[in-house]
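Position 1 is the first residue of the sequence, and the numbers go up from there.
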Amino acid sequence: MNVVADPYPSEKEPSQRDGRLGVGIISAGKVGAVLGAALRGAGHQVVGVHAVSEASRSRAESLLDGVPILEIPEILRRSELVLLAVPDDALADVVSGAAEAGYFQAGQLVIHTSGRYGTDVLAPAQQAGAITLAVHPAMTFTGLTMDLQRLNACAFAVTAPAPVLPIAQALVVEMGGEPVTVSESDRGIYHAALAHASNHLNTITGQASEMLRGIGVEAPDRVLGPLMQASLDNALASGEGALTGPIARGDVGTVARHVQLLSESELSADIRTAYVQMARATAQRALDRGLISSTQAAAILDVLTD
């Protein structure tokens, strides 16, 4: 590994620098800035950060105080560990462009934070002699200091060739997270699962809030918060056996009434569509797990027309 001289030697005692890495962050989005701060908190030296937008520069100043804002070639020149926290659609172009320009170094650790990809997308860097790792935190980020505490309860999907997998796992532990190994071929399903759980939960919350506001409830969050938190806790602890409500009871009349009212309402059209599709999926899974009979399931599915 090419060793980069510490540009801030006064900030650390020699004993603290032993075994530590010079880290470069590309870019200072919500994820990159927070993980960079976590690595610095673990004793590594952040030698540079790439930040273009005003929001990114402000975030870098807040979470990575004193770290110089540099162009990508200079960051790659200085760094022993490069953290690529660019958007998914930009990752391949950034990697290939840097490789074609000869910026990657033999022995350099190159890590990306995309949930979508494994290490195949880093092949140009690997061909240049870099050690390539994929590390994705299963968490939504605010880009604020509170995220650093939340990392302590966060799982990270790690993907890497077997000989260097322990490096990725060790870096995750240093950031306070829990490494979970996900194979290259499974990264797509892994990312879809997280998007389904997180993004669609946000959609359902927004739709339910709109329904409550439509009938005059001024603070939907106070109604939904305890219910949704308890439902999530129960589902995570007990699985689908914790399912309650009209479908789990086989209450066809209630489900039919819901569909009728949503059809007649002036609520956003996507609400009825989402209710019907989720109710159909719930009925099928309730049937598969023996929570309702085939007769009850057939009756429920019959009223859940598109």
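- From H196, atom NE2 reaches atom CD1 of I189 across 11.5 Å, with rounding to the nearest 0.5 Å.
- A donor-acceptor pair under 3.5 Å links the side-chain atoms of R150 to the main chain of T140, judged by distance alone.
- Taking all atoms of both residues into account, the shortest heavy-atom contact from T113 to L83 is CG2-CD1, 3.7 Å.
- If you take CD1 on I271 and CE on M211, they are separated by 6.0 Å, rounding to the nearest 0.5 Å.
- The environment of Q149 atom CD is dense: over 12 non-hydrogen atoms of other residues, nucleotides or ligands sit within 6.0 angstrom.
- Within the structure, salt bridge (Lys or Arg N to Asp or Glu O under 4.0 Å) contacts touching residues 226-244 (residues at least two apart or in different chains) are E240-R285, E240-R289.
- For CG of L236, the number of neighbouring non-hydrogen atoms (other residues, nucleotides, ligands) closer than 6.0 Å is greater than 12.
- Applying the salt bridge (Lys or Arg N to Asp or Glu O under 4.0 Å) test to pairs two or more places apart or on separate chains, those with a residue in residues 161-190 are R20-E174.
- Between Q207 atom CD and T273 atom OG1 the span is 9.0 Å, to the nearest 0.5 Å.
- The existence of a salt bridge linking R116 and D89 is confirmed by a sub-4.0 Å separation between a basic side-chain nitrogen and an acidic carboxylate oxygen.
- Of all heavy-atom pairs between A138 and L194, the closest is CB-CD2, 3.5 Å.
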side-chain contact (heavy atoms from CB on, under 4.5 Å), that's the test. Do L151 and F141 meet it? Break it down for me.
CA-CA 10 Å; L151 286 178; F141 285 76; 4.2 Å; yes

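- Of the inter-residue distances, the one linking S114 atom OG with L91 atom CG reads 6.0 Å to the nearest 0.5 angstrom.
- At a threshold of 4.0 Å, the pair R77-E74 counts as salt-bridged, since one of the basic side-chain nitrogens sits closer than that to a carboxylate oxygen.
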Stepwise side-chain contact (heavy atoms from CB on, under 4.5 Å) check, V255 with L304:
CA-CA 8 Å; V255 177; L304 293 170; 3.6 Å; yes

Start with the C-alpha gap between L70 and R78, add the side-chain angles, then the distance that decides, and say whether side-chain contact (heavy atoms from CB on, under 4.5 Å) holds.
CA-CA 10 Å; L70 304 172; R78 294 188 181 197; 3.7 Å; yes

Quick one: do R280 and Q277 satisfy side-chain hydrogen bond (donor to acceptor under 3.5 Å, both in side chains)? Show the steps, please.
CA-CA 5 Å; R280 289 179 66 87; Q277 293 300 323; 5.0 Å; no

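- The aromatic ring centroids of H191 and Y117 lie 6.0 Å or more from each other.
- E61 meets the side-chain hydrogen bond (donor to acceptor under 3.5 Å, both in side chains) test with no other residue; sequence neighbours excluded.
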Using the side-chain contact (heavy atoms from CB on, under 4.5 Å) rule, take I75 and I26 through it: C-alpha gap first, then chi angles, then the decisive distance, then the call.
CA-CA 8 Å; I75 290 175; I26 309 172; 4.1 Å; yes

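- Between atom CG of residue D251 and atom CD1 of residue I292 there is a gap of 11.5 Å, rounded to the nearest 0.5 Å.
- Atom CD of E54 is surrounded by 12 or fewer heavy atoms from other residues, nucleotides or ligands within 6.0 Å.
- For an aromatic pair to be called close, the ring centres must be under 6.0 Å apart, and Y275 with H258 satisfies this.
- Two residues are said to be in side-chain contact when any heavy atoms from C-beta on lie closer than 4.5 Å; V276 and T305 fail this criterion.
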